[in-house]
Amino acid sequence: MPKLAAAIVGSGNIGTDLMIKLQRSEWIEPRWMIGIDPESDGLRRAKHAGLEVSAEGLAAILNAGIRPDVVFDATSAKAHVRHAKLLREAGIQAIDLTPAARGPYVIAAVNLQEHLDSPNVNMVTCGGQATVPIVHAVSRVVGVSYAEIVATISSKSAGPGTRANIDEFTETTSRAIETIGGARRGKAIIILNPAEPPILMRDTIYCLMDETADDVKDKVLASIHEMVQHVQTYVPGYRLNREPIFRDNLVSISIEVEGLGDYLPVYAGNLDIMTAAAVKFAEEYAKHRAAVSQ
Amino acid sequence: MAYKYRIEVTDVTLRDGMHAVRHQFSVEDARAIASALDGTGVALIEAAHGDGLGGSSVQYGFAKEEEADYLQAVCSSVQNAKVVALLLPGIGTVEDLKHAVEYGIRGVRVATHSTEADISAQHIEEGRKLGLDVVGFLMMSHMTDVDRLVEEARKMATYGAHAVYIVDSAGAMLMDEVRRKVSALRSALPDEVQVGFHAHNNLGVSVANSIAAVEEGAYRIDASLGGLGAGAGNTPLEVFVAACEKCGIDTGVSLYPAMDAAEDVVRPRMHRPIITDRTALTLGYAGVYSSFLLHAQHAAKLFSVDVRDVLVELGNRRVVGGQEDMIVDVAYEIAHRQA
């Protein structure tokens, strides 16, 4: 089975980290890197790594007749609205790493298999990939009336795309907390911290539970630990900072995400959890496509 | 007497003051305070959850009232002053801002950590499109050097802010630092962009800092009735007005009505006196975000640790505004280290 040929649109932090991870994949081959700035570090690295690079944008590539099997969009929410249309018209599978949310949400740890037939899937946000699994871990045990997440990332790991998309981040993450996490109402907060040396990505998840009996708490606790171990299978540096704290009907969970240091150093766990989730979906998609074609 | 300076005062009792009452002001409280404030002559009245639009949360504390009810109560009680809201990108959104405009606000103050101005572009630009008075608010300015502050302030001015503030969120600045930072902004920004200053009284110098800021060219100064605000509170409006009278600064605020509003309307509504107790003092000393005060006291009690150890450790880790979740984590760590 030949690997699926992939293009990455967006040569910033996320696109470049994604490329490095795809180079290790047995199912996907990163073949094109498409940016808009010929001087960007991402395009330089891609060229060095043997990818075909272009600084002309996605439309130019498609007009030239190039047809990747799958396109990862790591640009911005605004740009993805245009890209989504182009890719749909060209019949190319889109994996959207911006918070544009054109397609259904995929949280790798929760609903990886659910949207393998959707031509455009949305990977929510880094905060969503890190926290929605925990909300789900609680809500699969007990009803959650409200879940709130606070994602704190180092300033250095937030590129211009992330910074221009702050509202889209909070809105998309809030919706994913509800639709995928299973909370009846969701809220997301993001904080940038400029400390040097940069801090690791840190997330706090608060869930208001419908029941507070001791056996419910025990099950919630076990479910959270199980979920953390599951996420660790594709993001090894994902871990609890401390044991979850129960107070009245509130449980507060604190996690830290250490990255693999593929592109940015290990503090940028927010990049890793996003790109690792996208790779995981793409590999499932590749397996699915192989199975269907046989 | 002839005034040497003329300034505009923004009162923050109904926003920063919310931190000191755990965001529990009712619609009735909001009406009473807003209408008393309007009688003092302050130019602007800020109202919102302490952490701005959309701030009601587990992380920062749920507000007693819905944002719509609270803002409408304030806006409908004010005839003269302009009502403005605070918005922290990452917490509040443009959508929240549009709703607030429907409730009657006429200005927005967009707050970011003092090195992160570029996350305010969306919100400042949208504020201008909505026809609002727009302020850029550089929080925790004590952590950031003059050159970087100038760079960040220029960004906010470029996005369209009418004024940019040096915000001493931790109440950690003394007069020399205020002078250096305010004067640098004043000389770097175009004349039509005003400079503002927001103080906390954790080191007991909020009035002195605010006067120093005026002398260096700040045109907008924040204050609150009785100093009601996070930490040891903000610059007490009535004290500031009296001091300004004595040194030739025209605040546009009448002294007796300000004193009466502080004494008769706000002080009876305080949950605790606004004083520089050891916790508030430690905030200023360690350079920690003032709204951590009540959260830190709560966490320290929960884990039986000294609240000062928690705050000093937070300062060492260079935690910024909004990271209230770190308070519990640090208290937990200290408790487990001691065990």
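What you see is a predicted model, and the numbers here were worked out from it, not measured in a lab. Lettering follows sequence order; numbering is per chain, from 1.
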Neighbour count above 12 (heavy atom, 6.0 Å) for [X] [atom1]:
X        : atom1 : result
B/Glu66  : CD    : no
A/Leu221 : CG    : yes
A/Lys156 : NZ    : no
A/Lys217 : NZ    : yes
B/Tyr285 : OH    : no

With only heavy atoms counted, which part of [X] is less than 4.5 Å from chain A, the side chain, the backbone, both or neither?
X        : value
B/His336 : neither
B/Ser114 : neither
B/Met326 : side chain
B/Leu302 : side chain

Under 3.5 Å: donor-acceptor pair, side chain of [X], backbone of [Y]:
X        : Y        : result
A/Asp167 : B/Val94  : yes
A/Glu148 : B/Gln59  : yes
A/Asn193 : B/Arg318 : yes

Exercise for review: Using a 4.5 Å cut-off on heavy atoms from C-beta on, say whether the side chain of B/Asp329 contacts that of A/Arg202.
Suggested key: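 Yes, at least one pair of side-chain atoms sits under 4.5 Å.
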Check your understanding: To the nearest 0.5 Å, what is the distance between CG (A/Asn165) and CD1 (B/Ile119)?
Key ->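 Going from the CG atom of A/Asn165 to the CD1 atom of B/Ile119 covers 12.0 Å.
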Heavy-atom distance under 4.5 Å to chain B: side chain of [X], backbone, both or neither?
X        : value
A/Ala151 : neither
A/Glu171 : side chain
A/Thr204 : both
A/Leu192 : both
A/Ala188 : backbone

Check your understanding: If you tally heavy-atom pairs under 4.5 Å against chain B, which of A/Tyr146, A/Phe169, A/Tyr206 wins?
Key ->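 Top count of heavy-atom pairs under 4.5 Å with chain B: A/Tyr206.
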Heavy-atom closest pair, residues [X] and [Y]:
X        : Y        : value
B/Tyr332 : A/Arg242 : CE2-CB, 3.2 Å
A/Ile166 : B/Gly90  : CG2-N, 3.2 Å
B/Gly321 : A/Ile191 : O-CG2, 3.9 Å
B/Gly54  : A/Lys187 : O-NZ, 2.7 Å

Practice item. Among B/Val58, B/Asp325, B/Ile91, find the residue that satisfies the side-chain contact (heavy atoms from CB on, under 4.5 Å) test when tested with A/Val150. Key: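 Only one option passes, and that is B/Asp325.
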Practice item. Start with the C-alpha gap between B/Phe303 and A/Ile245, add the side-chain angles, then the distance that decides, and say whether side chain to side chain contact (heavy atoms under 4.5 Å, CB included) holds. Key: CA-CA 11 Å; B/Phe303 293 101; A/Ile245 297 171; 3.7 Å; yes
Practice item. Give the C-alpha distance, both sets of side-chain angles, the deciding distance and a yes or no for salt bridge (Lys or Arg N to Asp or Glu O under 4.0 Å) between A/Arg163 and B/Glu116. Key: CA-CA 9 Å; A/Arg163 288 165 180 275; B/Glu116 311 297 318; 2.9 Å; yes
